[in-house]
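These notes are about the structure you will find just below.
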Amino acid sequence: MLELRKDLFADERDDNLNVIGKGVQRQDMPGHVTARTRFFDDHAFDGMLHLKVVRSPHHHARIRSIDTSAAERAPGVKRVLRGADVPVNKNTLLSLINFGKDDEPSLAVSKVSYKGEPVIAILADSEAQALAARKLVRIDYDPLPAVFDVEETLKPGAPVVNETYPGNYFEYHERFDHQKLRFGDVERGFASADIVMEHRYQMSPIEHAPTETNGSIAAPEQNGRYVVHSCAQGLFFALGTTAKIVDVESNQLHFIGGTVGGGFGGKVDSLTEPLAVLGAMLTGRPVRFVLDREEEMLYGSPRGAERIYIKDGLMRDGRIVARHIRSYFDAGAYTRLSSYAAIKCTAHVPGPYWIPNVASDIYVSYTNRCPSTAMRGFGVTAVDFALEVQMDRLAEAASMDPMEFRILNAYRDGDMKPHRRAAKNTALVECVQVAAEKANWPLSEQAKRASSLIGGGAGERAQIPATQLDARGQIGRPDTRSGPVTQVLPAGTSRIAPSKQPVMEGARDGRATPTQVPRYEPQRPTAPPPPAYQPAPPPYQPASSYSPAPGHQPASPPPASPPPAAPAQTQHGAVRFSSVFGTRRR
């Protein structure tokens, strides 16, 4: 039963909800339960062709030759498509907001980079004829070494998975090799800690397994327009991506969607729409392209695997004084949405906890796996799991109740986050208290009296500490990392606030370039902090406590980097609104 705790934050929030907690019928429910809802595959067209693709049997290989002559002569076959038939054969989803480089072909031309990568598309009168003709295509491959580990792929000499990113890592803003966060001095924090604990967390890829597999139907309309019935979760993403790949104005495409038979993030990649539209353009007939269940399970994008290292410095009274997170996103062979997931992960570090010294390094690695994509909270879900398991381990090491340990370290309103923003509307303390109450979990009276509105936003908790950065605050590429830390931001200084953007000087490829030296503004002083929260003695004795191993080595310092190089020319330069950055970018 849902219980709304309106007694919490009554003076701060309006909890007079008109939907949550009430019996409101979904608008699409009657159609679903009476089987009258029309999904994309419920639309029939006369003379419809069926498209099937020939996929690579290798994880990594050069394509020596392709022979489609037998398939072209097969019964019912109307057209065979190669990479050369695709007007703009390379694309990446976020190119629509000019983020990242086009790296993934619709149909492979000279090389395949994962098992199942599409190479040839066949259009035939029936699905059975397309499947039969698919078996007649002969492709000669030269297998190449493959790499499947997110850290091995970043080492010198590793096979190059993605020639667009030859270092096997996504380049942010065409010069940074990962997403980085620095707040305070984590090495000093580790040196002052009573306990230093580090653990590795490994997540596996997860298939979305929707009842309705990825698919679409494209058909010619009047005046050179094409109608597309799609199950895409992001219909405008699918329309923009398709218009780019088939090289037509977006107003020539009429996309119809909105009804998705299960998506969960797995239907944002436009796996079928571009080739279906291209087939309709080249044949003048409707084209249906639907993944079968095997293709959906093996080659539909999964949630990306993530490897996360968390290192914490802990005082024996339970305060976390330093946290370093190093994470690797397995993008698979191509980018898709992994680059955005790393941004979300960085924005979530270090979790809902106030820690005076925080650092994170979040990498996107290319491997010879199926490209990964979004899935329900991607970029946050895995690191949240890792952080909370780590919190349980830290609580045991400090001989503290895990609930009270979280209350002690939780954000309070006004606390300075590592992202240089004050925490607002925090509620972890109250969530833990309510959870403990419902589970009959005993809390000390002091823990019960704690509040997210008391004890934050003052003194050290409101300050931006002195923070060590690499040279000029830049990251650099792996083969140029050298030299010690050369810059320290004084305490109380911050990057320029969003309302005070840096002066933009010069331009490359029609895009503004930021100034070489960052500018800072002072942080206003605040009142002294209130007395620190003191947890009650633990109500139990843990099985064991953790102590640092002799000779424990701290995490490696952040690498230095050279001045940024001129960015490469991107392939899609339209001015669009960025949902990633909230600004217009070229």
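- No donor-acceptor distance shorter than 3.5 angstrom exists from the side chain of Lys311 to the backbone of Val196, with no hydrogens or angles considered.
- Put simply, the side chain of Met403 does not reach to within 4.5 Å of the side chain of Phe405, judged on heavy atoms.
- Residues Ser338 and Ser372 bring a donor and an acceptor atom of their side chains to less than 3.5 Å of each other.
- With contacts defined as side-chain heavy-atom distances shorter than 4.5 Å, the pair Phe190/Asn357 does not qualify.
- Listed here is the closest heavy atom pair of Val260 and Ala232: CG2-O, 3.8 Å.
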Intermediate values then yes/no, side chain to side chain contact (heavy atoms under 4.5 Å, CB included), His348 and Asp384: CA-CA 8 Å; His348 190 64; Asp384 252 350; 2.7 Å; yes
CA sep, side-chain torsions, deciding dist, call: Arg420, Ile464, side chain to side chain contact (heavy atoms under 4.5 Å, CB included): CA-CA 7 Å; Arg420 278 71 171 172; Ile464 298 174; 3.5 Å; yes
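- In this structure a side-chain-to-backbone donor-acceptor pair under 3.5 Å is missing from Gln179 to Ala347.
- With values rounded to the nearest 0.5 angstrom, Asp28 atom CG is found 7.5 Å from Thr259 atom OG1.
- Contact of the Phe237 side chain with the Leu94 side chain is registered, since non-hydrogen atoms from C-beta on lie closer than 4.5 Å.
- Qualifying side chain to side chain donor-acceptor pair (under 3.5 Å) partners for Asp149, counting only residues two or more places apart in sequence or in other chains: Arg307.
- By the side chain to side chain donor-acceptor pair (under 3.5 Å) test, Glu207 pairs with no residue at all, sequence neighbours left out.
- Counting only distance, with no hydrogens or angles, the side chain of Gln233 and the backbone of Gly265 share a donor-acceptor pair below 3.5 Å.
- Remark: the backbone N or O of Leu271 is not paired with any side-chain donor or acceptor of Asp269 at under 3.5 angstrom.
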Candidate pair Leu387 and Arg323, rule side chain to side chain contact (heavy atoms under 4.5 Å, CB included), full reasoning: CA-CA 10 Å; Leu387 286 172; Arg323 171 165 285 174; 3.4 Å; yes
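- Separation of atoms OG1 (Thr346) and NE2 (His419) is listed at 7.0 Å; rounding is to 0.5 Å.
- For the pair Phe264/Arg303, no side-chain contact is recorded, criterion being any heavy-atom separation below 4.5 Å from C-beta on.
- Ser360 is not listed as a side-chain neighbour of Ser327, based on a closest heavy-atom distance of 4.5 Å or more.
- With a 4.5 Å cut-off on side-chain heavy atoms, Leu314 and Asp194 do not count as touching.
- In terms of modelled atom types and a separation under 3.5 Å, the side chain of Glu212 and the main chain of Cys231 share no donor-acceptor contact.
- Distance check: Tyr201 OH to Gln390 CD gives 3.5 Å after rounding to the nearest 0.5 Å.
- Just one of Arg461, Arg421, Lys424 meets the side-chain hydrogen bond (donor to acceptor under 3.5 Å, both in side chains) condition when paired with Asp415; it is Arg461.
- Ser301 places a side-chain N or O within donor-acceptor distance of the main-chain N or O of Pro371, the cut-off being under 3.5 Å.
- The closest side-chain heavy-atom distance from Glu151 to Arg326 is below 4.5 Å.
- The CG atom of Leu408 sits 9.0 Å away from the CD atom of Glu404 when rounded to the nearest 0.5 Å.
- One finds the CD1 atom of Ile362 at 9.0 Å from the CD atom of Glu306 (value rounded to the nearest 0.5 Å).
- Under the side-chain contact (heavy atoms from CB on, under 4.5 Å) criterion, Thr92 pairs with Ser95, Asp102, Asp103, Thr335, sequence neighbours left out.
- The shortest non-hydrogen separation linking Val432 to Arg406 is CG2-CB, 4.4 Å.
- In terms of heavy atoms, Ile320 sits closest to Asn409 at N-OD1, 3.0 Å.
- For the ring pair (Phe, Tyr, Trp, His ring centres under 6.0 Å) test, residues two or more places apart in sequence or in another chain that qualify with Phe170 are Phe99, Tyr165, Tyr172.
- Residues Tyr363 and Val150 have side chains not in contact (no heavy-atom distance under 4.5 Å, counting atoms from C-beta outward).
- Identified under the salt bridge (Lys or Arg N to Asp or Glu O under 4.0 Å) test for residues 337-356, with sequence neighbours left out: none.
- Pro356 approaches Glu460 most closely through the heavy-atom pair CB-OE2, 3.7 Å.
- Taking all atoms of both residues into account, the shortest heavy-atom contact from Pro402 to Ala395 is CA-CB, 3.8 Å.
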Derivation and outcome, side-chain hydrogen bond (donor to acceptor under 3.5 Å, both in side chains), residues Asp413 and Ser452: CA-CA 6 Å; Asp413 274 11; Ser452 293; over 6 Å; no
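- The closest donor-acceptor contact from the side chain of His199 to the backbone of Ala386 lies at 3.5 Å or more, if one exists at all.
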Pair His324-Glu187, side chain to side chain contact (heavy atoms under 4.5 Å, CB included): steps then yes or no: CA-CA 9 Å; His324 181 267; Glu187 295 306 329; over 6 Å; no
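- Under the ring pair (Phe, Tyr, Trp, His ring centres under 6.0 Å) criterion, Phe148 pairs with His59, sequence neighbours left out.
- Checked by atom type and distance alone, the side chain of Ser365 never pairs as donor or acceptor with a backbone atom of Leu154 at under 3.5 Å.
- Closest heavy-atom contact between Pro210 and Gly261: CB-O, 3.9 Å.
- None of Thr153, Asn168, Asn162, Asp330 except one satisfies the side-chain hydrogen bond (donor to acceptor under 3.5 Å, both in side chains) rule with Thr367; the exception is Asp330.
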Step-by-step salt bridge (Lys or Arg N to Asp or Glu O under 4.0 Å) determination, Arg393 to Glu396: CA-CA 5 Å; Arg393 287 171 159 167; Glu396 183 176 358; over 6 Å; no
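- Under a 3.5 Å cut-off, the side chain of Arg412 and the backbone N or O of Ala410 do form a donor-acceptor pair.
- Taking CD of Glu174 as the start and NZ of Lys101 as the end, the distance is 6.0 Å to the nearest 0.5 Å.
- Salt bridge Lys180/Asp361: absent, no basic N to carboxylate O contact under 4.0 Å.
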